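Here the structure comes first, spelled out in structure tokens, and everything after it is commentary.
Below, read A as the first sequence line, B as the second, and so on, with proteins coming before strands; counting in each chain starts at 1. All heavy atoms count here, side chains included; hydrogens, waters and symmetry mates do not. Nothing here was measured: the structure is a model prediction, and the numbers come from that model.
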There are 2 protein chains.
Amino acid sequence: MTQPKSDPRVLRTRRLIMDSFIELSAKKEFKDITVKDITTEAMINRATFYYHFEDIYDLLEKALSEVLLVNLNGDFYKNDKLDEEAFVSIFLAVTNFQKSLSNRCHRGYEDTIARIIREQLEIIFYKMLVKQNAGEEDEALKLNAVILSWGIYGASVEWKRKGIDVQPEEFIKPALPYLLSGIEYV
Amino acid sequence: MTQPKSDPRVLRTRRLIMDSFIELSAKKEFKDITVKDITTEAMINRATFYYHFEDIYDLLEKALSEVLLVNLNGDFYKNDKLDEEAFVSIFLAVTNFQKSLSNRCHRGYEDTIARIIREQLEIIFYKMLVKQNAGEEDEALKLNAVILSWGIYGASVEWKRKGIDVQPEEFIKPALPYLLSGIEYV
DNA sequence: TTCGATTTGTCGTTTATCCAACACATTGAT
DNA sequence: ATCAATGTGTTGGATAAACGACAAATCGAA
């Protein structure tokens with residue numbers, strides 16, 4: 001994992017690349033986007049791309065993570081504790097994210113996207129659990145975060161399967177007790 | 001005179017600086033704008049500013065040149081020849097430029113602005129004269145360009161003195177024969 | 001005036017970006 | 001199947017940008 005650099009040049013270049021990629025994603029499918037397209041749009045050298053990203057899949061991963069994180073942070077980070085309201089708004093963020101993706105047509109990468117979403121959820125849950133239960137054993141919190149992330153992600157998949165006519169709130173609220181049964185530190 | 005560099009880093013940085021300066025000019029007066037302000041807004045290092053510009057006056061000069069050139073190129077470069085229509089549209093560009101400047105409040109730099117406008121006009125006229133009279137003696141064309149630039153610039157000053165209720169077209173059209181008397185290569 | 005704070009230019013070093021070139025896929029048309 | 005064109009990923013050397021530090025200049029208030 002690359003540690004976050006603070007050099008302005010790095011931040012600027014990564015932003016240019018990310019924005020260009022998201023821009024292009026709105027026009028083409030992922031499979032038709034080349035590294036050359038991105039670097040041309042971003043007006044940076046192609047070699048510079050490889051300085052920051054393994055390849056185009058690495059970029060996809062990081063771009064998706066970022067977009068999802070923006071979605072998540074906007075909403076629920078205000079009250080800082082994992083109550084019912086927090087779970088509902090996290091679930092809403094995830095389902096909104098899935099909807100916006102299906103517009104952008106990243107077909108053929110559902111499993112990649114799934115993994116990214118779940119990993120990000122795990123990170124978020126772990127952070128919130130640490131805040132809420134300061135001083136607890138790390139491993140136990142980590143395990144809880146894993147379970148919660150799989151649970152919420154599974155719920156979003158199930159919601160998707162049911163079709164868009166079901167409101168996410170109405171779907172998740174009755175399911176929450178089941179998801180939380182067996183969770184220690186919430 | 002610095003020769004135009006083609007390195008993308010150079011172009012990008014200069015654009016960032018220029019845009020930030022123009023941005024700031026809309027909010028503050030020129031005298032209240034510091035190099036630090038500009039580089040902070042542009043998110044570039046202060047030392048990098050001095051790599052591209054002598055000082056803030058150098059930037060003012062180059063920024064004004066560019067803005068004026070954009071004004072000029074947009075309009076009249078289509079028909080490529082110095083007929084009456086071309087003179088009218090050049091004059092319009094200059095007077096529009098002066099109006100937009102008086103909004104942006106660059107007080108105390110009227111003479112600098114004047115010089116820049118005239119120099120740019122000279123460059124434009126020379127280019128067009130070269131196109132029109134391919135193969136003529138350089139010095140004669142240069143002289144004509146100088147005379148034309150002073151003439152048009154003088155006319156714009158005179159127009160400004162008269163107040164904005166006079167339409168630029170109506171002002172310049174009757175004056176053109178006087179401006180052009182004694183010009184050889186038009 | 002004097003003092004402190006801010007701005008201005010400059011410099012040497014480190015780091016990110018550019019560039020040209022390369023071998024190796026992948027693609028698409030004939 | 002072949003060939004040309006295009007994309008991929010990597011390298012080494014050149015150059016621009018970042019950074020911290022510095023002395024000098026400018027400004028404003030005590």
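Distance F49(B) CZ to dA16(D) C1': 16 Å, rounded to the nearest Å. Look at CG on L24(A): it is 13 Å from P on dG7(D), rounded to the nearest Å. The distance from atom CD1 of I33(B) to atom P of dT8(C) is 11 Å, rounded to the nearest whole Å. Rounded to whole Å, atom P of dA16(D) lies 18 Å from atom CZ of R15(B). Atom-to-atom, CZ of R14(A) to P of dA16(C) comes out at 10 Å; the value is rounded to the nearest Å. As a whole-Å value, the separation of K31(A) NZ from dT6(D) C1' is 16 Å. Taking atom OH of Y51(B) as the reference point, atom P of dA16(D) lies 3 Å away to the nearest angstrom. E41(A) has its CD atom 18 Å from the C1' atom of dG7(D), to the nearest Å.
The aromatic rings of F21(A) and F30(A) stand perpendicular to each other, their planes meeting at an angle above 60°, with 30° marking the opposite boundary.
Each of Y57(A) and R9(A) lies near DNA chain D, and the nucleotide nearest Y57(A) is the one positioned closer to the 5' end. Of the two residues near DNA chain D, R12(A) and K36(A), the one whose nearest nucleotide lies more 5' is K36(A).
Under the 3.5 Å distance criterion, the side-chain polar atoms of W159(B) are left unmatched by any main-chain donor or acceptor of G154(B).
Here T13(A) does not reach the OP1 or OP2 of dA16(C): none of its side-chain N or O atoms lies under 4.0 Å away. The phosphate of dA16(D) (OP1 or OP2) has no side-chain N or O of H52(B) nearer than 4.0 angstrom. Contact check, Y50(B) against dT10(C): no side-chain N or O comes under 4.0 Å of OP1 or OP2.
Crowding of E169(B) atom CD: a count of heavy atoms from other residues, nucleotides or ligands under 6.0 Å exceeding 12.
Listed nucleotides: dA18(D), dC19(C), dT10(D). Nearest to the side chain of T48(B): dA18(D). Nearest nucleotide to the side chain of P8(B), out of dA18(D), dC19(C), dT17(C): dC19(C). With dA16(D), dT17(C), dT8(D) as the candidates, the nucleotide lying closest to the side chain of D7(B) is dA16(D).
No engagement by I56(B) is indicated, since no non-hydrogen atom pair under 4.0 Å with the nucleic acid exists. Looking at heavy-atom distances under 4.0 Å, N45(A) makes contact with a base.
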Taking it one step at a time, do E85(A) and K173(A) satisfy salt bridge (Lys or Arg N to Asp or Glu O under 4.0 Å)? CA-CA 9 Å; E85(A) 188 195 355; K173(A) 275 183 183 165; over 6 Å; no

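Ring pair F87(A)/F91(A): centre-to-centre distance not below 6.0 Å.
For dG7(D), its base never sits under 3.5 Å from the side chain of R46(A) at any donor and acceptor pair.
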